[in-house]
*Asks:* 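My structure is below; once you've seen it, I'll send some questions.
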There are 2 protein chains.
Amino acid sequence: MAPTKKTPTIYDVAKLSGVSISTISRVLNTSDKVNPETLKRVMDAIDRLGFVPKAEARARAMQGTGRIGVLTPLFTAPSFVQRLRGVASALSKANYELVIYPVDSMDHLQGYLSSIPLMRNIDGLIIMSLAINDQDAKRLSINGMGTVLIEYLHPDINSIQIDDTHGGDLVAKHLIKKGHKTVAFIGDIEPPEKFAIHPVRSRFNGFKQTLQEAGLSLPKAYVKSAPYTQKETRQAAQELLNLPKPPTAIFAASDTQAFGIMKIARQLNIKVPDDLAIVGFDDVDTAEYVDLTTVRQHLDESGRLAAEILLARISEADRPLQHINLPLLLIERDTT
Amino acid sequence: MAPTKKTPTIYDVAKLSGVSISTISRVLNTSDKVNPETLKRVMDAIDRLGFVPKAEARARAMQGTGRIGVLTPLFTAPSFVQRLRGVASALSKANYELVIYPVDSMDHLQGYLSSIPLMRNIDGLIIMSLAINDQDAKRLSINGMGTVLIEYLHPDINSIQIDDTHGGDLVAKHLIKKGHKTVAFIGDIEPPEKFAIHPVRSRFNGFKQTLQEAGLSLPKAYVKSAPYTQKETRQAAQELLNLPKPPTAIFAASDTQAFGIMKIARQLNIKVPDDLAIVGFDDVDTAEYVDLTTVRQHLDESGRLAAEILLARISEADRPLQHINLPLLLIERDTT
DNA sequence: AAGCCGTATGAAAGCACTTTCAGTTTAGCA
DNA sequence: TGCTAAACTGAAAGTGCTTTCATACGGCTT
């Protein structure tokens with residue numbers, strides 16, 4: 001009995017269990033495609049030898065790493081989660097792992113962006129609602145890192161966009177049709193753009209534009225810029241509703257913020273939609289539960305699409321660039 | 001300037017610099033044994049291609065940034081997301097990557113469980129609300145894979161648990177105090193346990209037990225087993241409310257299901273809480289927005305704790321096993 | 001019995017490098 | 001000028017694993 005002095009390889013395992021190396025590999029990867037009996041024999045051999053597959057060799061032999069990464073801010077906000085859900089569903093079908101890089105600062109983002117293409121422990125990248133500059137884009141494409149952007153446009157990279165301006169327009173039209181004259185807006189439209197993208201700006205612009213075309217004004221006092229937090233949003237809603245002439249309708253730039261407004265209305269005993277109409281944006285799952293009128297942007301779909309584009313690009317290297325524009329739909333429920 | 005599409009290999013560098021791959025390799029490893037002139041040419045080519053040897057990159061990536069994996073079913077359900085949020089926050093502080101393995105079938109789970117410990121692309125593992133058997137546990141610990149279980153107990157593995165029975169008890173007590181006599185339960189308590197865990201069973205048991213101790217009965221007709229979907233939940237709620245003697249209070253095993261019940265009540269024009277009290281479980285973010293009375297289990301915290309235990313275990317190998325029990329708290333809001 | 005599946009397996013061809021080995025220069029020295 | 005030791009360099013043979021392709025075998029149909 002001459003125990004192999006070197007660390008065991010699949011060849012050793014194969015010999016010991018009397019099968020070919022292909023079978024060992026199969027046991028390791030797609031164990032469901034192996035006869036249970038054989039599987040057990042192999043497993044025993046693996047245990048007996050204390051065999052551990054070498055990650056290095058594995059990574060080399062495999063086409064890629066089998067995982068794709070998602071760069072995202074606020075990844076636990078409902079809208080991001082729903083996008084992630086779409087991504088995950090497409091990925092798990094294709095048997096890819098999902099690596100999440102939560103971004104919470106500009107530095108953080110830059111750090112990821114500069115190391116990811118080099119580290120190569122990912123086959124593709126989805127960047128959600130984050131702004132990237134030319135240099136980043138260049139680095140990504142030079143290093144052949146398949147990437148798709150969601151909610152941001154860069155000419156050199158695949159992207160999936162939402163026509164936020166049109167979204168604002170839809171809401172304005174809806175509110176006008178309902179006969180509202182005094183409307184307000186709550187959303188995060190602070191000028192200093194941080195690392196994250198502000199589709200909110202566009203939503204606001206489209207909203208305002210359409211309103212004005214219909215002869216309605218949107219005075220400053222009726223526009224509240226509140227960050228994406230409950231506290232600030234509610235505060236803003238309070239202020240709006242305490243105005244001498246309070247608005248009869250509020251457009252919130254996101255569903256979550258709309259929920260906050262609904263809550264305030266309840267506390268103030270304001271009847272929705274009779275005394276106050278509320279419309280959100282996103283059509284998050286919960287929007288349906290609470291019967292919120294909102295603009296659907298099919299979050300799941302955007303994620304799924306992103307993943308599919310990526311997968312396609314990975315398997316078929318030089319696919320033409322794609323810039324997809326997802327349609328929006330106003331969903332009327334009980335808050336207008 | 002034609003940027004190579006695929007990621008460059010030494011072959012590309014060799015071609016571009018007009019030498020053989022062996023030379024490239026030599027440049028990379030023992031550069032002193034290469035003619036300075038050749039060396040320069042090769043270096044230029046390397047720069048121009050942005051070439052990084054794959055294996056090396058991998059190794060470097062591995063040592064700097066660790067990664068920990070999370071095995072979870074339904075990872076987009078709000079309660080899981082909030083736990084993930086906790087995990088992510090603890091992880092990003094420590095500069096760890098988050099790899100998510102969405103589990104959607106028993107096979108899937110077994111596949112992960114058998115390959116993860118061997119493949120070792122991960123430094124630690126968090127398993128959420130999933131049942132694992134002795135063999136899995138053994139394999140995990142034999143291979144030294146630091147693991148923590150959430151919502152499941154196995155003597156050999158760290159775990160974080162929630163006293164669901166007590167949760168049910170809390171709800172029962174609350175409802176009794178409010179004077180309810182006819183109460184109902186909606187939740188997924190189907191007997192055939194699938195791959196996912198059913199804390200719901202325990203919630204139900206605790207609920208029923210306390211009810212009975214107080215002399216209240218919980219007849220079969222008032223117990224609806226509905227899976228975690230809106231459709232079924234609402235259907236169940238309908239049935240309950242159409243009973244000749246409808247319940248005055250419903251305990252839903254999860255907040256999301258409670259939302260469904262609230263919606264049905266609204267449609268049926270049933271006043272909450274006057275005609276019907278509703279209490280959920282989890283205290284998901286949204287629960288506060290809609291003023292749902294519920295049982296808080298501090299989801300974020302459970303995730304954070306799990307990550308911290310893991311991290312501690314990774315840096316300090318033989319930490320004693322921990323079995324943590326997280327407290328529950330009844331949050332009274334406007335639905336009771 | 002002939003044909004046809006579907007599953008379980010093995011042989012062999014990669015993958016991205018490293019290393020050995022032998023061949024070619026080059027330089028040094030008579 | 002001829003000869004040899006360095007100094008370089010490339011072809012080719014590994015490295016440990018995955019994956020494609022082909023084959024074998026036990027049913028099932030018709």
Side-chain angles (χ1 to χ4, degrees), chain A residues 4-43 45-46 49-67 94-97 118-121 123 143-144 314-315 317, chain B residues 4-43 45-46 49-62 107 111 114-116 118-121:
Chain A
T4 6
K5 43 198 90 179
K6 301 268 292 177
T7 73
T9 74
I10 48 171
Y11 288 90
D12 302 318
V13 179
K15 208 178 298 170
L16 206 161
S17 50
V19 297
S20 79
I21 58 160
S22 334
T23 302
I24 311 299
S25 175
R26 238 159 296 181
V27 169
L28 261 24
N29 299 287
T30 54
S31 55
D32 50 316
K33 284 183 161 47
V34 176
N35 182 316
E37 219 173 275
T38 318
L39 190 134
K40 194 180 171 315
R41 270 217 324 286
V42 172
M43 276 308 205
I46 287 179
L49 291 173
F51 164 80
V52 174
K54 291 207 152 189
E56 247 242 28
R58 180 161 206 273
R60 188 189 332 128
M62 274 192 307
Q63 175 79 321
T65 57
R67 47 180 151 221
N95 222 347
Y96 269 76
E97 279 177 16
L118 293 182
M119 296 300 198
R120 294 231 146 297
N121 33 20
D123 296 333
N143 288 286
I314 288 171
S315 64
Chain B
T4 4
K5 286 286 174 187
K6 290 275 292 179
T7 81
T9 74
I10 47 172
Y11 288 91
D12 301 317
V13 179
K15 208 180 298 172
L16 207 160
S17 51
V19 297
S20 81
I21 57 160
S22 334
T23 303
I24 311 298
S25 176
R26 252 176 306 246
V27 169
L28 261 25
N29 299 290
T30 54
S31 58
D32 52 315
K33 284 185 163 51
V34 176
N35 182 316
E37 218 174 277
T38 317
L39 188 135
K40 191 177 173 317
R41 272 220 321 288
V42 172
M43 278 308 207
I46 286 180
L49 291 174
F51 165 81
V52 175
K54 255 195 180 170
E56 192 180 305
R58 242 193 116 68
R60 200 172 28 212
M62 288 300 196
D107 282 356
S114 58
S115 68
I116 284 179
L118 289 179
M119 293 311 188
R120 322 204 124 298
N121 329 302

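Just so it is clear, the values below take in all heavy atoms, side chains as well, and ignore hydrogens, waters and symmetry mates.
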*Asks:* Looking only at non-hydrogen atoms, find the nearest pair between A:Ile24 and A:Ser17 and report the distance.
*Replies:*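 Smallest interatomic distance, heavy atoms only, reads CD1-OG, 3.9 Å.
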
*Asks:* Pair B:Arg41, B:Asn35 - check side chain to side chain donor-acceptor pair (under 3.5 Å), show working.
*Replies:* CA-CA 10 Å; B:Arg41 272 220 321 288; B:Asn35 182 316; over 6 Å; no

*Asks:* What is the distance, rounded to the nearest whole Å, between atom CD1 of B:Ile46 and atom C1' of C:dA16?
*Replies:*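 So the two atoms are 14 Å apart, to the nearest Å.
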
*Asks:* What is the separation between atom CG on B:Leu28 and atom P on C:dC17, rounded to the nearest whole Å?
*Replies:*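 One finds 8 Å between P of C:dC17 and CG of B:Leu28, rounded.
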
*Asks:* Rounded to whole angstrom units, what separation is found between the CG atom of A:Leu39 and the C1' atom of C:dT9?
*Replies:*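 After rounding, the gap between these two atoms is 14 Å.
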
*Asks:* Might you point out which heavy atoms bring A:Thr38 and A:Thr23 nearest each other, and give the distance in Å?
*Replies:*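 In this case the closest contact between A:Thr38 and A:Thr23 is CG2-CG2, 4.1 Å.
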
*Asks:* Side chains of A:Arg58 and A:Leu28: closer than 4.5 Å at any heavy-atom pair?
*Replies:*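 In short, these two side chains do not touch, never coming nearer than 4.5 Å.
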
*Asks:* For the pair made of NZ in B:Lys40 and P in D:dC8, what is the distance, rounded to whole Å?
*Replies:*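 My rounded result for the distance is 17 Å.
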
*Asks:* For the residue pair A:Phe51 and A:Leu16, establish whether any side-chain heavy-atom pair is separated by less than 4.5 Å.
*Replies:*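 SC-SC contact between A:Phe51 and A:Leu16 ruled out.
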
*Asks:* Using a distance-only criterion (donor-acceptor N/O pair, under 3.5 Å, no hydrogens), is the base of D:dC17 paired with the side chain of A:Tyr11?
*Replies:*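 By the distance-only test, yes, there is a pair.
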
*Asks:* Please check the phosphate of C:dC15 (OP1 and OP2 only) for any side-chain N or O of B:Thr9 closer than 4.0 Å.
*Replies:*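 For B:Thr9, the contact criterion (side-chain N or O under 4.0 Å from OP1 or OP2 of C:dC15) is not met.
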
*Asks:* Of the nucleotides C:dT9, D:dC8, D:dT9, which one has an atom closest to the side chain of B:Pro36?
*Replies:*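 Of all the options, the side chain of B:Pro36 is nearest to D:dC8.
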
*Asks:* Mind calculating the distance between CZ (A:Arg58) and P (C:dA16) to the nearest angstrom?
*Replies:*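 In whole Å, C:dA16 P lies 16 Å from A:Arg58 CZ.
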
*Asks:* Distances under 3.5 Å only, N/O to N/O: pair up the protein atoms with those of nucleotides 19-26 of chain C.
*Replies:*
none

*Asks:* Please tell me if the side chains of A:Val27 and A:Val19 come closer than 4.5 Å, counting only heavy atoms from C-beta onward.
*Replies:*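 A side-chain contact is absent here, since even the closest heavy-atom pair is not under 4.5 Å.
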
*Asks:* Take atom CG of B:Asn35 and atom P of D:dC8, then tell me their distance rounded to the nearest Å.
*Replies:*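 My rounded result for the distance is 6 Å.
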
*Asks:* Between C:dA16 atom P and B:Ile10 atom CD1, what is the distance in whole Å?
*Replies:*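 In whole Å, C:dA16 P and B:Ile10 CD1 are 10 Å from each other.
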
